[in-house]
Structures are given as structure tokens and as C-alpha cells.
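Worksheet for the structure shown next.
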Amino acid sequence: MLHGDVGLELAARVAAAVKSSLDLDITPAEALIRPSSRPGADYQCNAAMGLGKKVGRPPREVAAAIVGALDGTGLIVEPEIAGPGFINLTLTDTWLTTQLEGLLTDPRLGVPETGHPRRIAIDYSSPNVAKEMHVGHVRSTIIGDALVRLRRFHGDEVIPHNHLGDWGTPFGMLIEHLIDEGFSADHSISDLNTFYQAARKKFDADPDFAERARLRVVKLQSGDEETLRRWRELVDESMRHFMKVYKTLGIGLTPEDNYGESFYNPFLADTVAELERKGLTEISDGAVCVFPKGFFNREGDPLPLIVRKSDGGYGYMSTDLATVRYWTGERGATDLVYVVGTPQSQHFAMVFAASRDAGWLTPGHTAVHVNFGSILGEDGKMFRTRSGDSIKLIDLLSEAVDRAAAVVGERTDLSEEERASIAHAVGIGAVKYADLSSDREKDYVFSWEKMLATDGNTAAYLQYANARTLSIIRKSGETVQPGATVILTEKAERDLALQLIQLPAAIQAAVDGYTPHKLATYLYDTASAFTSFFEKCPVLKAEPEIRKSRLVFCALTSKVLTLGLDLLGIEAPTRL
RNA sequence: GCCCCCGUAGCUCAGCGGAUAGAGCGAGAGACUUCUAAUCUCUUGGUCGCAGGUUCGAGUCCUGCCGGGGGCACCA
């Protein structure tokens, strides 16, 4: 019983007790096992009240029957019945210590791998070519990356795809501007935004240029070689910028993960043809539309997905339908995940509905819009620069590192190089953790002060706790060996032990709900439990057996924090 | 007008239908000759937006309302 969560084991035993004492079949979930916040109780079973209602007996009597039949051998001490019929469950110290000793040799720290792996196509980051990444992309990028890491660790096959905005009418203007500027391979566009704005300005001011831009769009879409070559230069240049940001952020996306709008372009006609063949389309105002049931516009009329515009072109609605068709049809994805802001929720609801109607999504598929709220400034409005521009991501990240460097510089005698590396880990970690530690559906308030604080639920606090664990182990002059014996003497040790064995439940919760913050909350609780342990339980000066045992606590805490942070995409430096 | 999301301590946020709703910050008081004080321990602080309903039990589920944000036909 090394793998998996204790709650499952307790649930199984309660279910067996319910069967033998009341002759009722309940699922482990119906055993209603929950971690307990009551002093002295580790878990509680809340099933007796509901069952009492069902069998027409007083809940406390039912609880007593369950307790009487409950086989807690080796796992829990004699349960207590409290209140209306709560059953308080307390793990035995022996069981806890045995678990911890077992975790020492388990690289997965008790977390099971799924027996039913899914093939997950996940769309995240998705910046626009010829524009710099800004804060608007940061949440999708960070959350998406964390989900990739979590699902891979969970045992699923994950295929990331970066849905670049790399196609459409703006590219006529951009390519013409590129030709005018004489861009070549040895000249890079150092400032994508300036380049884009200059093109835009020319487009608005110069009718000849605007006309050339329009003709260029036609050439691009008809596959003109020269035009495509220019277009690729723009994409490549933008990718160099994106890769720089990804490298700074520690995001795993590469050019191989590019599945931009251009990628789906060849599939759009077929996608529409299939919708037409299946009788799902209608012509409305000259556009080919699909009207999924249940969506209405301002006037109360059905709301369309426009799959071919009245001018014959294709928009994002066509592309998004084509992605569903491609990933389920061509790539055999079972799960589609879109890490895109909340404002798009209606759009995705419509795309999913239409895709079900078209048969691209079956009951065996899961399609999820992993939505997220906006980043707000401390004034409660959209996070922008003072002049109202969106903040460049690369600037934001370097400010994070600079601010972290200021903190690091104050208090360490490490080399310049080590300090830089730590500042990077702390600064980038702060930005990512701020994003991942609260419920993604809510807006969150961006605050340098809060995200870089050394107290509270921040990356720095977790990293610091981890560094302290490793510092103690270093100073001990020992390596923590498998087979070491764990002893519980202080309450702080038991609290930490209980915390450490709950990693599987935390990861499962984060995976199930696409909610990385559940893992973040767990890691914070773990770090807190460790710092309390740190204050109360001297390690190096303890008696030999206790010292050995406490070193195990340090080692396991470090492993849990390091693994957990890694699953969030955050570095855990070995010293701070 | 219709639809979606949010409303929990002064602030920023957790909270899985279960017991007396929890953290951090802030405010107040303590703790470093001791493993990293980037810390810890106390104290303070709540009609969970409002009103109904379902339930043995509601911050959590349902309905209505009030606030805040967003979306609603050829931009993505």
C-alpha cells in the first residue's frame, strides 16, 4: 500500500465495514473520508449520517456499527464517534513511519501512475507572430505548462500545441513592410511591436501601400513562393523572440510544437465541406454558418459559428473547428484542452457543441476550456503600464529577476554566478507561483511586493524551506540512506509526516480539476509544517537515532517540495 | 435584453455537502551565544453580498435579487 492515497485505503476499509455490518454496498467515494482539522483526528468519515437516514436508524448507532466492523489493523487506532455521528480516524504512528521509510526509495513519492492514460492535445501560450509577447499571454503560458507537466507525471500522453496567430489579413501589410525595409536574414527585427506599428501606420496613411498589402494577402493565400518565404522570415524572427521568452520562463515549448493558424489553413475547406455534407450548415447574410443549439445573440436570434465568411475567407471559428477535427481525427487525441481566457468561454462552448454535432467529439472525448481570469493592477483595473500600454512580458520577467536579485544580494556570500542563478529562480518562480497559487478562474491582482514576499504563500517561501532542508543535510555530513528508521517524538514531526504522505491526493486534485493551485496550497502547507518542525526539532544536535530520523524528514520534505515545484514549472535551488 | 464568471477578516486569498469557516499581509506582544530570523509562536480580526429553498447538515447545491467584470455575426 505504498502507492496512492491513504484516503482511498480508509474508504475501502469503511466500505467493507458498511457491507459487513449493515449489508449495504457503498463505493469508496460514498464512504465520505475527509482530512480532519480536529485536533487528534487525521481523517474523518462522514458516511454515518446519510446511511442512518437511509436505513432509518440513529446516525450514532450506525457509526457504532461501522466502527465495530471496521478493520483498522496496522492502519488506525480505535476510532472515536463524535457529534451527530462523525467517525474520527487516527493513523497509527507505526503506519505513518513505515510509509515515510518507504517513500525514501520511491522516486514518485507515493504518487501512482494512471492505469488509463489519455492522449491530451493541449493548446496554450499562443502568441501572435510579429507582436511581442505581453502580460496577456503569461497566464496561458504558465498555466498550460504546469498542466503539461502535471498530466505527463500523471502518466498521460501530452501533445502541446502552440496555436500561433500566424495567418490572416495583417500579414499582407507586414510582408509588404518587410519588403520595403529590406529585411534579410542578418537583420533581425529587434522590436517586433515597433515593426508592427510602423506597418499599421503605413497601412492607414498610404492608400498605395494598403492596396499592395491587400494584393499580398491574396498572394500569401494562393501560396506564392516569394511571399511565403517572406512570411516564414517573419514567423522565424518571431519564434526567436518567443523562444527567448520561453527559455527565460522555463517553458518547454519549441518550434516543433507550432500548430499555428497557418497549419490548419489547408484543412479549412474540408472542414466546412464536411459540415455541409452533414447538413449542419446554413447560409446567413452570405456567410456559411453552423447554429449550435442554445446560443442566442442580443436580439434573441440564434447565434452562429461563421465557418466561411461572406467574402469566402475563413476566420477563427473555422480554425477552431478544424483543430477539433484534426486532433481527434488525425491525431487520435482523447482529450482536448484549451488554456484560454474566460472571455472566450461562449466561443468554446459553441465550438464544442458544433463538434459534437459533427461527430468529431464523441462521449469518449473530453474537451475542456481551461479558462482563467485577468491580471489586474493594484488599482483593480487591467494590468497595464502607466501610459495604458500592455506590458511586454520580457520586461516584466527581467524586472522580476532584478527585484529578486536585490533581495538575494543583501544576504548571501555566494559567487556572482550563483547569485544570478538564484535570482532567476526566485524572480521567475515568484511570477509563476503568483499565477498558479490562486484559483485560475478568478482575476488576480499583480503585486511585486506580495509575489516576492518571503512570508506567506509565495515561491520564495517554498524555495527557502527547501534550501533549509538541504542545508541541514549538507551540514550533517551524511547522506540519507534507504532503510533509515523514522521515529515520531514531537507533534511537529507527526504533523509533517501526515503532510508528506498527502502528496498523491494533492496531485490528483490538481490533475482532476486542471487546478494547479491545489498543488500549490499543499506545497505551502508542507513548507509551513516543515518550518514549524525546523523551529521545534533540532536535527544535528539530536540523539543519534532521532537525528537520523529527522534527517529523513528533511530529505523527504525536500523531495516533496522539489517535485511539487517542478510540476508547477518552478525551480528549487539547493541553496538560497 | 440574454448568457457566462466573480462576491469569504481592513487587504490578498484558501476552503472537497459535514463539527467552532482557515492562511498570509496589516495591527499588537514575544522568540536568534542553537541546523539559513528570507523564520517561528501567541493575540487581534467574519451576519461567507442579500433573501428564499433543498438537506439530518449549506460558504459549498437550487431559485430570485443586489453589486463588479466579461461575452453576445463575419477581429482573434
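Since this is a predicted model, take the numbers as computed values, not measurements.
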- [ ] Classify the side chain of A:T319 versus the base of B:rA76 as yes if they form a donor-acceptor pair under 3.5 Å and no if they do not.
- [x] no
Next on the checklist: Quick check on B:rG69: is either OP1 or OP2 less than 4.0 Å from any side-chain nitrogen or oxygen of A:S374?
Outcome noted: no
A:K475 has its side chain closest, among B:rC35, B:rC72, B:rC6, to B:rC35
Regarding the side chain of A:Y524, the nearest nucleotide among B:rU41, B:rA23, B:rU36 is B:rA23
- Message: Using a 4.0 Å heavy-atom cut-off, does A:V445 contact any base of the nucleic acid, only the sugar-phosphate backbone, or nothing at all?
- Response: sugar-phosphate
So what does A:R550 hit on the nucleic acid, given a heavy-atom distance under 4.0 Å: a base, only sugar-phosphate, or nothing?
nothing
Read 5' to 3' with Watson-Crick or G-U pairs under 3.5 Å, [ ] for crossing pairs and | for partners on another strand, RNA chain B gives (((((((..((((....[...))))((((((.......))))))....(((((..]....))))))))))))....
Q: Give A:R308 one of three labels, base, sugar-phosphate or nothing, depending on what nucleic acid heavy atoms sit under 4.0 Å from its own.
A: nothing
Every protein N/O lying under 3.5 Å from an N/O of nucleotides 25-34 of chain B:
residue, atom, partner, partner atom, Å
B:rC25, OP1, A:D455, OD2, 2.4
B:rU34, O2', A:K541, NZ, 3.4

Is A:D443 touching bases, backbone alone, or none of the nucleic acid, heavy atoms closer than 4.0 Å? sugar-phosphate
Applying a 4.0 Å non-hydrogen cut-off, can you work out what A:F86 is touching in the nucleic acid: base, sugar-phosphate, or nothing? base
Sequence neighbours excluded, the answer for side chain to side chain donor-acceptor pair (under 3.5 Å) partners of A:S37 is none
Q: Taking only the side-chain nitrogens and oxygens of A:T531, find out if one of them lies under 4.0 Å from OP1 or OP2 of B:rC40.
A: yes
With syn meaning chi within 90° of zero and anything else anti, the base of B:rC62 is anti
- prompt: Heavy atoms under 4.0 Å, any strand shown: does A:N88 hit a base, just sugar-phosphate, or nothing?
  reply: base
Looking across every strand, which nucleic acid part, if any, lies under 4.0 Å from A:P170 by heavy atom: base, sugar-phosphate, or nothing? nothing
Which of B:rU41, B:rU36, B:rC35 is nearest the side chain of A:Y464? It is B:rU36
With a distance cut-off below 6.0 Å to the six-membered ring centre and an angular limit of 45° from the axis, does A:R468 pair with A:F534 as a cation-pi contact? yes
- Query: How is A:Y444 classified with respect to the nucleic acid when contacts are heavy atoms under 4.0 Å: base, sugar-phosphate, or nothing?
  - Reply: sugar-phosphate
*Please determine if a side-chain N or O atom of A:R474 lies less than 4.0 Å away from the OP1 or OP2 oxygen of B:rU36.*
no
Would you say the base of B:rA14 and the side-chain of A:D525 have a donor-acceptor pair closer than 3.5 Å? no
Check your understanding: Would you say the base of B:rA19 and the side-chain of A:Q44 have a donor-acceptor pair closer than 3.5 Å?
Key -> yes
### Query
Should A:H347 be listed as having a side-chain N or O under 4.0 Å from OP1 or OP2 of B:rC72?
no
Practice item. Give one of base, sugar-phosphate or nothing for A:C45, where a contact means two heavy atoms less than 4.0 Å apart. Key: nothing
Heavy-atom nearest nucleotide on RNA chain B taken for A:D439 and for A:P343; more 5' hit belongs to A:D439
Notebook entry, point to check: Near A:E30 CD, under 6.0 Å, is it more than 12 heavy atoms from other residues, nucleotides or ligands?
Noted result: yes
key: Phosphate-side-chain proximity, A:Y461 and B:rC40, N/O vs OP1/OP2 below 4.0 Å   = yes
Quick note, A:A82 side chain, CB onward, closest among B:rA19, B:rA14, B:rA73 is B:rA19
